[in-house]
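In what follows, a single structure is set out as structure tokens and then discussed.
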Amino acid sequence: MKSKLKALLENTIDDCFQQGILSKTPLPNYVIEVPNNPAHGDFATNLPMTLASSQKRSPREIAFVIVDHLKDDGNLIENAEIAGPGFINFRIKAQEWYRALSEIVRLKEIYGRNDTGNHQKMMIEFVSANPTGPLHLGHGRGAALGDTLSRIFSFCGYDVAREFYINDAGQQIKLLGESIFSRFKQMSDPEHPFPQKGYHGDYILDLAKTISEEIDLEAMPEEEAIHVCTQTGKQVMLDEIKQDLLRFRVPFDVWYRESDLYSSGQLKDALKIVKDREQLYEKDGALWIATTKFGDDKDRVLQKQDGQFTYFATDMAYHLDKKSRGFEHVINIWGADHHGYVPRMQAALSAYGFPEGWLSVVLIQLVKLWRAGQEIKMSKRAGSYVTLQELVDEVGVDPVRFIFLTKSNDSALDFDIDLVKKQDSENPVYYVQYAHARICSIFRKAASEGISLPDAPDGLLERLVLDEEMALIKRMASFPSLLIDICSSLEPHRLTYYLTDLAALFHRYFNLGTKTPDYRVLTHDSALSQARLFLVGAVRIVIGNGLELLGISAPEKM
RNA sequence: GCGCCCGUAGCUCAGUUGGAUAGAGCGCCGGGCUUCGAACCCGUAGGCCGCAGGUUCGAGUCCUGCCGGGCGCACCA
């Protein structure tokens, strides 16, 4: 609906340009929005105000011109009013709303899908946790966000690849092997030293036991034994991470190994390219890249004095590889503790001549876990943390995902596990799911009474005249444009609020019928019942589609 | 010291990219089920949108400076 109105408006402006009624200028940034106050119509635009300065005329004057020349061939608009300092408020014809409603039912599970992305190839890289321990809550937040963004982008016509970058080449992974090996040694010698910054979690001991049961670590040289611990530990952890993510309904298309960048020679190629662009230099026996030329606050080391490459070097090579695989836009979802890393990476990509905006980084703020009024500090090394899997077992996938997706990624999230458990039936996710289940129940009732959906709703939908019914239709009609907005703002939490709103409108509507039988969906008037069934059927579709995009189930019964 | 994020109702958080009268959930108080699901609905109370300036037709939203909280400032990953 909004896009129809937008096209109509821009046609009108074009026409005014052609006829010389308005002087021809580039179209400014303006908005078409659903006003907070219903008295201001179905849609409002500030277009006249944004045109005022370039036209050198008053906003209201421009508004009059636009309204006088509206090219409403499709008969979309009931009326257009000029209001306030220069808004135009539009009221849409009821017939258009009914048409929008039948579209929803016609399209069903693809309602809201669109081709905004035009098959643009994009990648979302997320989670990318070191395989040195189980996933914790922070990873879960990133997983939920990345997964839902992927779903929404796909739905909006982008060709999305989901990728997990495995940091399996550095110090951390070596430390994992040493930690496991040390735990193994401690089984016979409790005095055996434990690595200074080793991983203390119980899972390390479990790994030591499992590995030593299958392989005789004692029989091999220490170095080799540690290598075995490293390789096996890494693989086991990675398998566990994959399992946890699948249980959290988060699939990936590609698991990309940092170590492959070394073995494939891509790291060296990447360095050569940046060298050819004359952005490399040597200093103090190390190899540097001049990121300061591109906005970083200091230059960065790629190869250390000891000849080892830095993590930054492989990460650069990795992004070069993303580009060479043909991705036109890449989104990385990172923990906010990496924010200082963003300018560095952007600068490095500029040094390669990547176009600005090729990489978007979404930073997620910290998740803090509270239990019994105490903050539980999470540290893999200290071993005192609650895993994602434990939380999901305790609370359930649906509520956990919903809570993660309800907060803007810019705000730190306090996850009070007692509160979430205590309120489990009050979690907003159940409110939305309940609306879905309730509608399913109405359909069961209708079926038992022999009332079914009409094949063609023509002539029936005019029976929908209540404010509550029109409010539902209007809200549902904004679903597609909401999804498009989410793609540009990268803020999927807006979808959870939208669904809560829509569910509220439905529950209110439903409750009309508890007082007045004439307002029930199923009444003695069979045509009216069919029309209302059609309406709530559409609500079920939109809620179902929305929940699907959030990776949350839409139950028929609860 | 420098950089990023946050500060909105008692609590947890939204706020349609600068719009018209700032919202929701929880909590408090009071109402609503003999036929479509009460995991619901309706109503009351509760706000110097951290503070002070600025930008303009218009600021919770943008800019500057403070205050408070979180997170970063590696030849770690």
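Just so you know, these numbers come straight off a predicted model, no measurement behind them. Keep in mind that the numbers below use all heavy atoms, side chains included, and drop hydrogens, waters and symmetry copies. Naming: A, B, ... by sequence-line order, numbering from 1 per chain.
- As rounded to the nearest Å, B:rU21 and B:rC6 have P atoms that lie 26 Å from one another.
- Here the separation of B:rC13 from B:rC75, taken at their C1' atoms, is 43 Å to the nearest Å.
- Among the atoms of the strands shown, base atoms are found under 4.0 Å from some heavy atom of A:Ala44.
- Note: CG (A:Asn29) to C1' (B:rG19) measures 15 Å, nearest angstrom.
- Under the side chain to side chain contact (heavy atoms under 4.5 Å, CB included) criterion, A:Tyr281 pairs with A:Lys283, A:Trp288, A:Ala290, A:Asp299, sequence neighbours left out.
- With no hydrogens or angles considered, a side-chain donor-acceptor pair links A:Tyr199 and A:Gln172 at under 3.5 Å.
- For A:Asn89 against B:rA20, a side-chain-to-base donor-acceptor contact under 3.5 Å is present.
- The gap from the P atom of B:rC42 to that of B:rC26 amounts to 11 Å, rounded to the nearest Å.
- Nearest-nucleotide positions on RNA chain B place A:His507 closer to the 5' end than the other of A:His507 and A:Gln171.
- Nucleotide B:rA24 forms a pair with B:rU12, judged by Watson-Crick or G-U wobble geometry with both contacts under 3.5 Å.
- A salt bridge between A:Arg532 and A:Glu469 is present, with a side-chain N of the basic residue lying under 4.0 Å from a carboxylate O of the acidic one.
- Looking at heavy-atom distances under 4.0 Å, A:Thr310 makes contact with sugar-phosphate atoms alone, never a base.
- Among residues two or more places apart in sequence or in another chain, the side chain to side chain donor-acceptor pair (under 3.5 Å) test is passed with A:Asp321 by A:Tyr256, A:Arg325.
- There is no side-chain donor-acceptor pair under 3.5 Å between A:Tyr341 and A:Gln346.
- Within the structure, a side-chain polar atom (N or O) of A:Tyr431 is placed less than 4.0 Å from OP1 or OP2 of B:rC41.
- A:Pro428 comes within contact range of no nucleotide atom at all, as no heavy-atom separation falls under 4.0 Å.
- Applying the side chain to side chain contact (heavy atoms under 4.5 Å, CB included) test to A:Arg463 and every residue at least two apart in sequence or in another chain returns A:Asp525, A:Ala527, A:Leu528, A:Ala531.
- Ion pairing between a basic and an acidic side chain is recognised when a charged N comes within 4.0 Å of a carboxylate O; A:Glu449 and A:Lys445 show such pairing.
- Residue A:Asp410 places its side chain closer to B:rC5 than to any other of B:rC5, B:rC42, B:rU21.
- Taking atom CG on A:Leu405 and atom P on B:rA24, their separation rounds to 23 Å, with Å as the unit.
- Atom CG in A:Asn46 sits about 15 Å away from atom P in B:rA59, given to the nearest Å.
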Contact state string [nucleotides 11-16 of chain B, B base, S sugar-phosphate only, - no protein heavy atom under 4.0 Å]: -SSSSB
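- Following rounding to the nearest Å, A:Glu81 (CD) and B:rA20 (P) show an atom-to-atom distance of 17 Å.
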Residues A:Glu125, A:Lys322; criterion salt bridge (Lys or Arg N to Asp or Glu O under 4.0 Å); working and verdict: CA-CA 10 Å; A:Glu125 184 220 318; A:Lys322 287 182 181 179; 2.7 Å; yes
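- Between B:rC57 and B:rA39, the two C1' atoms lie 48 Å apart (nearest whole Å).
- Contacts of A:Tyr341 with the nucleic acid, taken as non-hydrogen atoms under 4.0 Å apart, include base atoms.
- Applying the Watson-Crick and G-U wobble criteria (two distances, each under 3.5 Å), B:rU34 pairs with nothing in any strand.
- In this structure, A:Lys197 does not reach the B:rC76 phosphate: none of its side-chain N or O atoms is under 4.0 Å from OP1 or OP2.
- The separation of B:rG50 from B:rA59, taken at their P atoms, amounts to 15 Å, rounded to a whole angstrom.
- For the P atom pair drawn from B:rC49 and B:rC5, the interatomic distance equals 23 Å after rounding to whole Å.
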Any N/O pairs under 3.5 Å between the protein and nucleotides 33-37 of chain B? List them or say none.
residue	atom	partner	partner atom	Å
B:rU35	N3	A:Arg520	NH1	3.3
B:rC36	O2	A:Val521	N	3.4
B:rC36	O2	A:Leu522	N	3.4
B:rC36	N3	A:Val521	N	3.2
B:rC36	N4	A:Phe510	O	2.8
B:rG37	OP1	A:Ser441	OG	2.6
B:rG37	OP2	A:Ser441	OG	2.9
B:rG37	O2'	A:Tyr434	OH	2.7
B:rG37	O2'	A:Arg438	NE	2.6
B:rG37	N7	A:Ser441	OG	3.0
B:rG37	O6	A:Met558	N	3.3

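- Both distances falling under 3.5 Å, in either a Watson-Crick or a G-U wobble arrangement, place B:rC73 opposite B:rG1.
- Look at the P atom in both B:rG7 and B:rC51: the space between them is 13 Å, to the nearest Å.
- Across the strands present, B:rC66 finds its partner in B:rG50; the criterion is a Watson-Crick or G-U wobble pair with both atom distances under 3.5 angstrom.
- The separation between A:Arg60 atom CZ and B:rC57 atom C1' is 12 Å, rounded to whole Å.
- Between A:Arg57 and A:Val65 the shortest side-chain heavy-atom distance falls below 4.5 Å.
- For B:rU35, the base is anti relative to its sugar; the glycosidic angle deviates from 0 by more than 90°.
- In this structure, the nucleotide among B:rG19, B:rC5, B:rU21 sitting nearest to the side chain of A:Asn37 is B:rU21.
- Rounded to an integer number of Å, the gap from A:Asp306 CG to B:rA74 P is 18 Å.
- On the P atoms, B:rG72 is 23 Å away from B:rU8, given to the nearest whole Å.
- Each of B:rC75, B:rA39, B:rG19 was ranked by its minimum atom distance to the side chain of A:Tyr430; first place goes to B:rA39.
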Criterion ring-ring contact (aromatic ring centres under 6.0 Å, His included) on A:Tyr431 and A:His507, from CA distance to verdict: CA-CA 9 Å; A:Tyr431 183 80; A:His507 286 310; 4.7 Å; yes
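- When the P atom of B:rA39 is taken as reference, atom NE2 of A:His436 falls 18 Å away, rounded to whole Å.
- Closest to the side chain of A:His339, out of B:rC57, B:rA77, B:rC71, is B:rC71.
- When only modelled atom types and interatomic distance are considered, A:Asp518 and A:Thr516 share no side-chain donor-acceptor pair under 3.5 Å.
- Between A:Lys298 and B:rC75 there is a side-chain polar atom (N or O) within less than 4.0 angstrom of OP1 or OP2.
- In terms of position along RNA chain B, the nucleotide closest to A:Met49 lies nearer the 5' end than the nucleotide closest to the other residue of the pair A:Met49 and A:Gln308.
- A:Gln365 and A:Ser411 are not linked by any side-chain donor-acceptor pair at a separation below 3.5 angstrom, with hydrogens and angles left out of the test.
- Not counting sequence neighbours, A:Asn409 has no partner by the side chain to side chain donor-acceptor pair (under 3.5 Å) test.
- Nucleotide B:rG70 holds its P atom 15 Å from the CG atom of A:Asp337, rounded to whole Å.
- A:Ala83 comes within contact range of at least one nucleobase, with a heavy-atom separation under 4.0 Å.
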